[in-house]
Amino acid sequence: MTMMQGDFLREMSERDEKIKSLVNMGFSEDEANEAIIRCGVDADICVLVDSVSASRVAEDCHSRNLSDHQVTDRCFNSFGGRKKARLMEESRKKRKRYGGGGQGNRPSLDGSDEDSMPLPNPMVGFNLPGYSGPSVTRMLSKLDTGPPFFYYENVARAPKGEWAKISRNLFDIQPEFVDSLHLCAAARKRGYIHNLPIENRSPLLPLPPKTIFEAFPHYKKWWPSWDTRTHLNCLQTCVASAKLTDRIQRALVSSSNPPTKSVQKYVMDECKKWNLVWVGKNKVAPLEPDEMEYILGFPRDHTRGVGKTQRYKSLGNSFQVDTVAYHLSVLRRMFPNGVRVLSLFTGIGGGEVALHKLGIHMRVVVSVEIGEASKKIFKSWWDQTQTGTLIEITDVKSLTNDRVASFISQFGGFDLVIGGSPCNNLAGSNRHHRDGLEGKHSALFYDYVRILNFVKSAMGGRRM
DNA sequence: TATATTATGACGATGCGC
DNA sequence: GCGCATCGTCATAATATA
């Protein structure tokens, strides 16, 4: 075999390998091929994913703009349009209830939302950092744009129809679905509804590590070739036990080298389910809290000072900072003197950390958070990094409209109302009470709506 | 020793993409 | 149909703290 033939074969197998990976990620073979042509066969898998996504975003532009025109229409007939949408929704539901046929999962063309709100694939939102090309544009009605600006977040994979409901309560604005996997080393599929401009966004620098190995190069040493993960799954609130590490180690030790297919499958299933990484010979373990902080974009030791369980829980519930910061980055130019923030369900302060990292001064933050551990974490971060005014409120129910009114007159209004309401009753991991938006915890969404609407009406369109 | 905190394992369904 | 991922909850045992 000649040298050239050898190179050729090596290149072919590398190409096949990468195509296979891309196909596994949900791209078509054609898309994978085109990306490799654009970027070269040596390009990192991550770069290839970006390339495919970018070309999809560009192609999507046309069709997406169609639906944006629906939104534009509401500039001229905002109220009537919404009412019509609601009526159509009702009649559609009735059709469904009484067994009428129908195409189902297609977004309708008249601006009304169907029950199902399809998630984009790839889940890249309106655009992502690193793309120079034209992206999605959207036009919001005058009534919907700030001030105040608002930013709402929750899990993308809520039960069917729940995002349509959320959208309906937030001025029918289309959610922006993003999987943070495109920005950092772990997946995080989330929907964001906001009235921020989407042009001229800029990412936080330095860009976060985009693969497991970029984030944790030292784990390469123990990573077996048959574990082909490049990204972690969603960081959740619970982590695997030390006993599981033991069980997996025993299974590996008693198998061959490399392990049998069935052992490999067992190990990989557990690794994916529990988000385990290779920390030693035959040894997998969950991420440490500080590693989760790193992936999620928080400063090191951000959650130090509370118990480990609480750290995992509050981190699992939090924003991915780079993702949120990318969306919020447009505020920097608009508010050179800083922002007044109403922060609902603050948690460990993902939104505030994002603003801080963007260099946006927080003149005021009125923060609502009920968790003792989260409050402690957030307060200690605030005290060591911020100079603005912080007002802490425990229960969102106690933040009555009257109190909001008095804050508005005290501070002259709010520039940003931000928050992700509880996902407990929406999240797929919840076996017991996945009751949707009306569930015990997730129903607090309606307090977000109440308070946002009150702020909007109290500020009455005037600049304050 | 009484109490508080932490660790562990059992517990499926949903909805998508293919 | 099949593979896959999923900001979780509960009861109980083990361990830490006073």
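Throughout, protein chains are lettered first and strands after them, A, B, ... in sequence-line order, and every chain is numbered starting at 1. Scope of the values below: all heavy atoms of this structure, side chains included, with no hydrogens, waters or symmetry mates.
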Taking only nitrogen or oxygen atoms into account, show me every contact under 3.5 Å that the protein makes with nucleotides 1-5 of chain C, one pair per line with its distance.
unit_1	atom_1	unit_2	atom_2	d
dA5(C)	N3	R157(A)	NH1	3.4

Quick one: CG on D227(A) to SG on C271(A), what's the gap to the nearest 0.5 Å?
5.5 Å

Please identify each residue that fulfils side chain to side chain contact (heavy atoms under 4.5 Å, CB included) with R190(A), with sequence neighbours left out.
E153(A), V155(A), R188(A), Y192(A), C234(A)

May I ask you to check if K165(A) and F445(A) form a cation-pi contact, with NZ or CZ under 6.0 angstrom from the six-membered ring centre and within 45° of the axis?
no

Between W223(A) and F213(A), does the ring pair (Phe, Tyr, Trp, His ring centres under 6.0 Å) criterion hold? Intermediate values first, please.
CA-CA 10 Å; W223(A) 211 277; F213(A) 285 164; 5.4 Å; yes

In terms of side-chain heavy atoms, does S367(A) have a donor or acceptor partner in K379(A) at a distance below 3.5 Å?
no

Using a cut-off of 4.0 Å on non-hydrogen atoms, how would the nucleic acid contact of Q310(A) be classed: base, sugar-phosphate, or nothing?
nothing

I'd like to check the side chain to side chain contact (heavy atoms under 4.5 Å, CB included) partners of V253(A); sequence neighbours left out, ordered by chain and number.
Q249(A), N282(A)

Note: contacts of residues 417-435 of chain A with DNA chain C (heavy atom, under 4.0 Å) are S421(A), C423(A), N424(A), A427(A), G428(A), S429(A), N430(A), R431(A), H432(A), H433(A)

Test of understanding: with side chain to side chain contact (heavy atoms under 4.5 Å, CB included), list the residues that count as partners of T303(A), not counting sequence neighbours.
E293(A), R311(A), S314(A), L315(A), I348(A), I377(A)

When you compare the side chains of E438(A) and Y446(A), does any donor N or O come within less than 3.5 Å of an acceptor on the partner?
yes

Tell me the interatomic distance from N121(A), atom CG, to dC16(B), atom P, rounded to whole angstroms.
12 Å

Once you apply a heavy-atom cut-off of 4.0 Å, does G307(A) come out as touching a base, just sugar-phosphate, or nothing?
sugar-phosphate

Between which residue ranges does DNA chain B form stems of three or more consecutive Watson-Crick or G-U wobble pairs, both distances under 3.5 Å?
B:1-11 with C:8-18, B:13-18 with C:1-6

